[in-house]
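Written below as structure tokens is the structure these notes are about.
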Amino acid sequence: MIHDQARYTREDDALHEPLLSEKGEQTVDVRDSSPLPDDLTREELTLPNPSEPEVARHYTRLSQMNWAIDTGPYPLGSCTMKYNPKFTEDVAADPNAAVHPDRSDRSVQGTLELCYGLQEFLADIGGMDAVTLQPPAGAAGELTGILIAKAYHEHHGNDRSEVVIPASAHGTNFATAAMAGYDVVELPSDENGRVDVEALDAAVGEDTAALMLTNPNTVGLFERDIAEIADIVHDAGGLLYYDGANLNALLGRARPGDMGFDVMHYNVHKTFATPHGGGGPGAGPVGVVEELAEFLPTPHVREINDGNVGYEAVEPERSIGKVHGFTGNWLVLIKAYAYIARLGDAGLADAAAKAVLNANYLAERIDMDVPHGPFHHEFAATAGDRDAADVAKRMLDFGVHPPTTKWPAMVPEAMLTEPTEIENRSSLEDLATAFNVAYADSDEVLADAPSRTTARRIDQASAARTPRLSWQALDDE
Amino acid sequence: MIHDQARYTREDDALHEPLLSEKGEQTVDVRDSSPLPDDLTREELTLPNPSEPEVARHYTRLSQMNWAIDTGPYPLGSCTMKYNPKFTEDVAADPNAAVHPDRSDRSVQGTLELCYGLQEFLADIGGMDAVTLQPPAGAAGELTGILIAKAYHEHHGNDRSEVVIPASAHGTNFATAAMAGYDVVELPSDENGRVDVEALDAAVGEDTAALMLTNPNTVGLFERDIAEIADIVHDAGGLLYYDGANLNALLGRARPGDMGFDVMHYNVHKTFATPHGGGGPGAGPVGVVEELAEFLPTPHVREINDGNVGYEAVEPERSIGKVHGFTGNWLVLIKAYAYIARLGDAGLADAAAKAVLNANYLAERIDMDVPHGPFHHEFAATAGDRDAADVAKRMLDFGVHPPTTKWPAMVPEAMLTEPTEIENRSSLEDLATAFNVAYADSDEVLADAPSRTTARRIDQASAARTPRLSWQALDDE
Amino acid sequence: MSGSPYAPHTATETAEMLEAVGVADEEALFDIPEDVAFDGEFGIEPRTEREIRAECARLFARNDDLVEFLGRGHYSHYVPSVVDHLADRAEFITSYTQYQPEITQGFLQALFEYQSLLVELTGLPVANCSMYDAATALAEAATLADRVRSTSGDVVLIPEHLREGKRGVLENYCAGADLTVESYPMDDGNADVDALADRVGEDVVMVYAENPTVRGCIEERLAEIGEVAAEADALFTLGSDVVALSVLEEPASVGADVVVGEAGALGLPAAYGMGLGVFACKDDYLRQVPGRLVGASEDAEGTRAYTLTLQTREQHIRKERATSNICTNQAWVALRAAIHAATLGPDGLVELAHDCVRDAEALAADLDALSGVAAPVHDRHHLREFAVRTDQPAAAIAGDLEAEGFAVHVIGEHLIEVCVTDLNADRTDALVEAFEEVL
Amino acid sequence: MSGSPYAPHTATETAEMLEAVGVADEEALFDIPEDVAFDGEFGIEPRTEREIRAECARLFARNDDLVEFLGRGHYSHYVPSVVDHLADRAEFITSYTQYQPEITQGFLQALFEYQSLLVELTGLPVANCSMYDAATALAEAATLADRVRSTSGDVVLIPEHLREGKRGVLENYCAGADLTVESYPMDDGNADVDALADRVGEDVVMVYAENPTVRGCIEERLAEIGEVAAEADALFTLGSDVVALSVLEEPASVGADVVVGEAGALGLPAAYGMGLGVFACKDDYLRQVPGRLVGASEDAEGTRAYTLTLQTREQHIRKERATSNICTNQAWVALRAAIHAATLGPDGLVELAHDCVRDAEALAADLDALSGVAAPVHDRHHLREFAVRTDQPAAAIAGDLEAEGFAVHVIGEHLIEVCVTDLNADRTDALVEAFEEVL
Ligand SMILES: Cc1ncc(COP(=O)(O)O)c(C=O)c1O
Ligand SMILES: Cc1ncc(COP(=O)(O)O)c(C=O)c1O
């Protein structure tokens, strides 16, 4: 397939759809109409003042200049770009769900019940004993989890300073550990990107607060030695943190809790199909084993245990406190609940099966090498002596989005590909064609690519060299 | 501006987005699972069976290959393509509005009250005494109006056989009169497309059931002699029918009822901004003067007059009966109510003012001749020795929709243009540029146009010569 | 004074534009003689969108919250959320009729697919891309019959059991074409084919039957009706709806010349009667079809493209000799029906229709078990709905049921009609209880 | 057993794909050792989308229908319908982060415009395209202060009046950076600038103030706070929200180095605390900013194009030396805020903010007129909200108000807080009556 993306071009000005500010601004004298003394106010405010029809056109046009899961395949490895069921939007739009977080528990029993229900769903799916919904994204979940681990160690009088992380892990793991005040111990991987058990054994010790791990790993391989790994960490007094980004591969087939993980986050915007919204909002609920439950953030929803039917939001005994100003990304959590309820046990297991089948089928159809396997829901193909980023740009012309490129680093010119379960065979073939044509194209063609997207190849270096981050900055030029 | 429309192309098959049937079909054995005896059922059913993600992609892609008022200007003369306020969609989506038409009046008082309120709005705006909401489109409104006129004449023992219609009128007027069993008397226009009063005088007589007129006429000119025209028709015992397609020009400034019209329809999908939906649904309420009210279709909503507060749906005394199986295009009517309530008196008058200003400004900016004036909300430019249809095709490349072409016939190579009030100056300039560039382009360029739309110039003749009206027809080839 | 919130003009812009046009103010642009100028007020206060939303929500909340067991031509099934989300895309809903096909391929293709769906469901090769509703489609079928029938004649035969409103519309359209509407009797809920055969003759231009009938009865001798009509050279027009057509006898196979009916059973929620008229027919009548047709063609690059076609039939070209006056139709509703059908797939459609048979049968049996009630009245197979005979006056029972929260049809002094679909199937037990309560 | 309704595979397709892959069944593709395999059940019954919609509607209907006079950091204003319709467009909401800018210009431009809106509102030249919420933005400001301050020090000074949860998040982020959070006193609802000046010194890395404060008080000596901070080489971080910023003193003009706060006051309905964190700062700190930044550049044809930029700050490149671990953010909420702001325009924004001042003042006066109630507690100007002193215990009053259908904050034994916006402004009389009732 060939895809020409929509363009609305002003050739004279060398731009596509103008900025709203370029369509007309208005300056309002704030003090003119202000009920406040002048010294408490700004003088004026200058902003675009489009009419509603103009607003509608502006954003409709912008939207047409944007790729999305509803326009075609989006196989970003480790991102799990699934179809976002439309009905979950309707559920989340219920006006009765639009409540303020400071409402009394008694007055929001419906909201609390849904929270509780989702906590239970997630605990079951992850094999965890308790879940908090508060973290607003995966990385925030990581921080929550590591802070819980820290609180746990502190409570037990242990002053541990290190978090062990495999080299192939996601950047957030490292950044999280550092934010929580830990030193990062980077663990070399074995030839398959798996944890090198010997190296782990050597790295882990009495300073080890936790090992952060995702499973399957970032090239889609299951950590077969997970039981041994868990023992090593636990024996040293450390905790096991599970990065839930790849959970889609395991739904109904394996649970982090059963593998020995003590704390984990769920990326509901990956595994549970809540929309990614062009970069968020997501939600990163955190599950913990029984021993860690008392450290969960506040508030935490539980059933009322005094004989009355109902739910309450309480502060766990040794709560780490807050990781979000309120209760997290509520509108996202509703959608996750609806998605899980829609699939049920069988649907969840089937999602994993088809995600894995799709990845394997696609790998089979492409001409690139896939050095590591057997993989599950994603695979890291290598572009070999081609530049993976260039290959990706070329793929943009074929009605598909390219995979994650140049990550993880252990695979040369990696193209980390995760089609997810929602693609049918015909769109997998479209993907394969895009891979193969781009991979076979000449360097010149690749360098010129893409040629059918709204923008042609963008000069990223100059964007960083001379940052222009607002229309004000453009005006100043 | 230049606009490249989105394309999703399968070059091998020489098509854009495939038909759903081409993406995969399923044949179901109906009898297999049927609770009915075999001889009452079909054997099998073969239809596409896309997954929900595929459905979403299919229609998202198709939508991107479609022009709309939300993508840019749409100045189709006589069509009044306005911005459709989004909130009216929300109002119409209220689940409490989703009722069956056979509900008892008592149980749908809210629905009846809104119907009544809209009837009142429309009666006020048109200067009419009673309004029915039943006709599902403008043409259906015409038929309703003419049937009312017929019933009126019959009731008064008059057997009149002719409907007089100006040559420049819309095709529906002629077709309507014929459907109602009338002979059409076509009235020549004066040099400005206005009714030729002398010709009218000659044409009208005791056979005249009605004169159908739109005002401003189809080149945007007000029928200045309307009072005289009305007298002529009324003196002959005929009725005056007002085609409401151009009502947007007169909102708050003149009312058909005040001009002597006896019956009229409103195009709510033009004047009152309900979305045109790619061809419908619209709604064509009909207003009548007091004398004609007893002939309105059934059911008709009125206030309960027995001291109770409330509304009831009744059959007018000499009702013409039904023009729609139920009560009309309800979901559309709700939106019209919301729009009128949003604008109020001042907003309606301003809409007319800005619609007329925009038309006049745009005419000022284009290089083509506009033979007739002073026009109001629309004008008929002439492409002169250029082919208006070709000029229109070329305009498609510039991020605008062209006007109605080659109609009305009295203007050679007419481009009937109605920008409506929603365009701002900058989009009027875009329109003017498109007009002017296309008008100045060479015949070769025009013949090749458009070059940036999803489809290039389409062979309409062969579509009509060899009609292929279904995927089954394509399969058979 | 506030202007239209959707007219974007700032004061400066207005002033500059007026100057460019060469007038002092907007008033100067209006060429309206004083004697017909309006200087009154409508008295409509502008409101904010929030106020209107609240006002309308309050209004609609005044509608009683009844569980509807209503059908008789207006059917609701659950509309998947994806239908709303896709059909509401601005490029579809804020678009006009496809006068410039090059830039409106998306909607054209969707309508082409809608036509194809009807071709599959009816077995007839031609389907237009919508009439207003089943009633107007039926009426247009009669005028088509009048145009295409080789011999003259002026009678349109319709079943005795027919929705009142449908007959009303038909009569209004027929009057203009000098046609007369006459009904033929029923035999226990089905067409009385023998009586029909006796009646049919030279003077009959069209025979209309419905499957299922307005009382939900599935016709058992459709092919015979087709033969009776064919013998008299009368057109056989069959009325149905898209869900029923998924499982019932294929119209083409029983000799239908035209199929009309409701497609709004897919894609539309209960909409106070708003519909989507089906119109399909044989190839012979192609150039007499009312309404819009989308055809496949090619563009200058040889790529498949869609376009409105055979427009010479239509009012904007043929004027008083057009096949119909229809212009604006129900295109967006057709889009919704097509999306709904695609979402269900053939298996989903068939299952839905079969459930309509099973659920009606089960509910009838449950009601029949009550004393003072007999259901179904007709010893036929039913789809969705059926008539119920009540010992007590039907109106009183319906009134009492309404007080209990249920809406049913009263169709005779002692006749009620009840319609069950996937939307109320889970409330049938409650309905039966309510019946017991009020009997 | 039913599969995922969103996995499109037909049985045949699955079989063929398995064959192509060379395995017998799906199980064979899983490389999970038996000892950690799961063969239990979650016990989650799949439901239809209709069932789930009904279930959740039932659940949410269990929330009491209270008129909320609640704020304290989570503010709701009327969100115009157009915001929903545009933001819900699939190309926006079902899109990922813009890793391939050539094909995601639309979202990038929208985010660029959002950044520009914040630049105008704050007067600061750099704004990222979102943090999770005001609390995490504040926390990130503290760690930024820690990174950029030339001299060492470990104290973050915050106002005594601060939302508990915000302080909690700040403390959690500060702990990892070995920072200590300490509060400075208030003086009748404003920062006690003299006490603050006394406290500030070498050990202080950041001074935080809010305008308006969590009690709705508009700060009267902001510029002085800025000076105090500057003298100690501490960063001055100002907290606010996008509506307040439309009319209150421009942060840059009072010396703010960083602005954090809530932008969800635009675009988001009451969302149980879901937010949109503002983060804007001076140019000096550009390379220390957490989160995503969109910049303007050019494409190969010389046309303006947008792209994520300065990504070397971020976790996926810099790993443990990143400016933050944030990855997924609140992009779509930022889009909503930008659309809302565009719909209002500067005049609409200013009017909205001014109404928030007027309505709060009027409501405070009405409450003050009741005996047993004093409002506002602080003799300051207020925006949206204010504290109320009650003679009777605040908790009891709030409980009684809830029974009357109103929700207010209890912020002390005899202190209530009340927030008024355009959404509840028409219910203030009713609130006053309810107060009278329960006193
Ligand atoms: C492996 C892995 N871990 C963590 C994250 C961070 O999750 P989030 O983006 O929700 O913060 C991601 C996100 O891409 C990821 O792929
Ligand atoms: C002048 C005029 N009259 C009548 C009509 C018919 O109205 P409708 O399309 O709603 O049936 C139109 C529609 O374009 C029109 O322009």
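Throughout, a chain's letter reflects where its sequence line sits, starting with A, and its residues are numbered from 1.
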Subject >> Partners meeting ring pair (Phe, Tyr, Trp, His ring centres under 6.0 Å) with B/Phe121 (sequence neighbours left out) >> reply: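 For B/Phe121 the ring pair (Phe, Tyr, Trp, His ring centres under 6.0 Å) partners, ignoring immediate neighbours, are B/Tyr337.
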Subject >> Counterpart residues, ring pair (Phe, Tyr, Trp, His ring centres under 6.0 Å), relative to C/Phe107 (two or more places apart) >> reply: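 C/Phe92.
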Can you find a side-chain donor-acceptor pair between [X] and [Y] that sits under 3.5 Å?
X	Y	result
C/Gln105	B/His16	no
C/Gln98	C/Thr104	no
B/Glu113	B/Gln109	no
B/Thr111	C/Asn63	yes

Does any backbone or side-chain atom of [X] lie under 4.5 Å from a heavy atom of chain C? Answer side chain, backbone, both or neither.
X	answer
B/Asp90	side chain
B/Thr71	side chain
B/Asp39	backbone
B/Leu221	neither
B/Pro95	neither
B/Val184	side chain
B/Ile226	side chain
B/Tyr59	both
B/Leu357	both
B/Arg106	both
B/Tyr83	side chain
B/Asn360	both
B/Asp459	both
B/Gln26	both

Original post:
Where is the tightest heavy-atom contact between C/Asn325 and B/Ala139, given as atom of each residue plus distance?
Top reply: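 Closest heavy-atom pair between C/Asn325 and B/Ala139: ND2-O, 3.0 Å.
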Sort [X] into side chain, backbone, both or neither according to what part of it lies under 4.5 angstrom from a heavy atom of chain B.
X	value
C/Val21	both
C/Gln100	both
C/Arg72	both
C/Glu361	neither
C/Ala322	side chain
C/Arg47	both
C/Glu27	side chain
C/Ser324	both
C/Ile317	neither
C/Arg53	both
C/Leu121	both
C/Ile339	both

In terms of heavy-atom pairs under 4.5 Å, which option from [options] contacts chain B the most?
options	result
C/Lys166, C/Glu120, C/Glu250	C/Glu120
C/Ala270, C/Ala135, C/Ser116	C/Ser116
C/Arg62, C/Gln115, C/Glu219, C/Arg304	C/Arg304
C/Glu26, C/Glu402, C/Glu298	C/Glu402
C/Ser76, C/Ser253, C/Ala20, C/Pro269	C/Ala20
C/Tyr173, C/Tyr306, C/Trp332, C/Tyr6	C/Tyr6

Can you tell me how the ring of [X] sits relative to the ring of [Y], calling it parallel under 30°, perpendicular over 60° and tilted otherwise?
X	Y	value
C/Phe60	B/Trp330	perpendicular
B/Phe326	C/His74	tilted
C/Tyr99	C/His316	tilted
B/His276	B/His269	tilted

Below 4.5 Å, heavy-atom pairs only: which of [options] has the largest tally toward chain C?
options	answer
B/Met259, B/Glu421, B/Arg103, B/Met179	B/Arg103
B/Ala273, B/Pro37, B/Ser33, B/Gly321	B/Ser33
B/Asn49, B/Thr27, B/Leu331	B/Leu331
B/Ser462, B/Ala338, B/Ala137, B/Ala463	B/Ala463
B/Ser104, B/Pro101, B/Ala227, B/Ala180	B/Pro101
B/Ala14, B/Gly181, B/Pro281	B/Pro281

Original post:
Under a 4.5 Å cut-off applied to non-hydrogen side-chain atoms, are C/Leu286 and B/Pro467 in contact?
Top reply: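 The answer is yes, as the side chains (C-beta and beyond) meet within the 4.5 Å cut-off.
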Original post:
Less than 4.5 Å apart, any side-chain heavy atom of C/Val36 and any of B/Phe222?
Top reply: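 They are in contact (side-chain heavy atoms under 4.5 Å apart), so the answer is yes.
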Using a strict cut-off of less than 4.0 Å between a Lys/Arg side-chain nitrogen and an Asp/Glu carboxylate oxygen, indicate whether [X] and [Y] qualify as a salt bridge.
X	Y	value
C/Glu102	B/Lys393	yes
C/Glu314	C/Arg318	no
B/Arg42	C/Glu249	no
B/Arg457	C/Asp299	no
B/Arg224	C/Asp35	no

**OP:** Is it possible for you to check whether B/Arg253 lies under 6.0 Å from the centre of the six-membered ring of C/Phe38, through NZ or CZ, and within 45° of that ring's axis?
**Re:**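 No, B/Arg253 does not lie over the aromatic ring of C/Phe38.
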Original post:
Please walk me through it: do C/Gln109 and B/His58 pass side-chain contact (heavy atoms from CB on, under 4.5 Å)?
Top reply: CA-CA 10 Å; C/Gln109 180 169 338; B/His58 183 66; 3.6 Å; yes
**OP:** Give the intermediate values and the outcome of side-chain contact (heavy atoms from CB on, under 4.5 Å) for residues C/Thr309 and B/Leu469.
**Re:** CA-CA 9 Å; C/Thr309 193; B/Leu469 307 177; 3.8 Å; yes
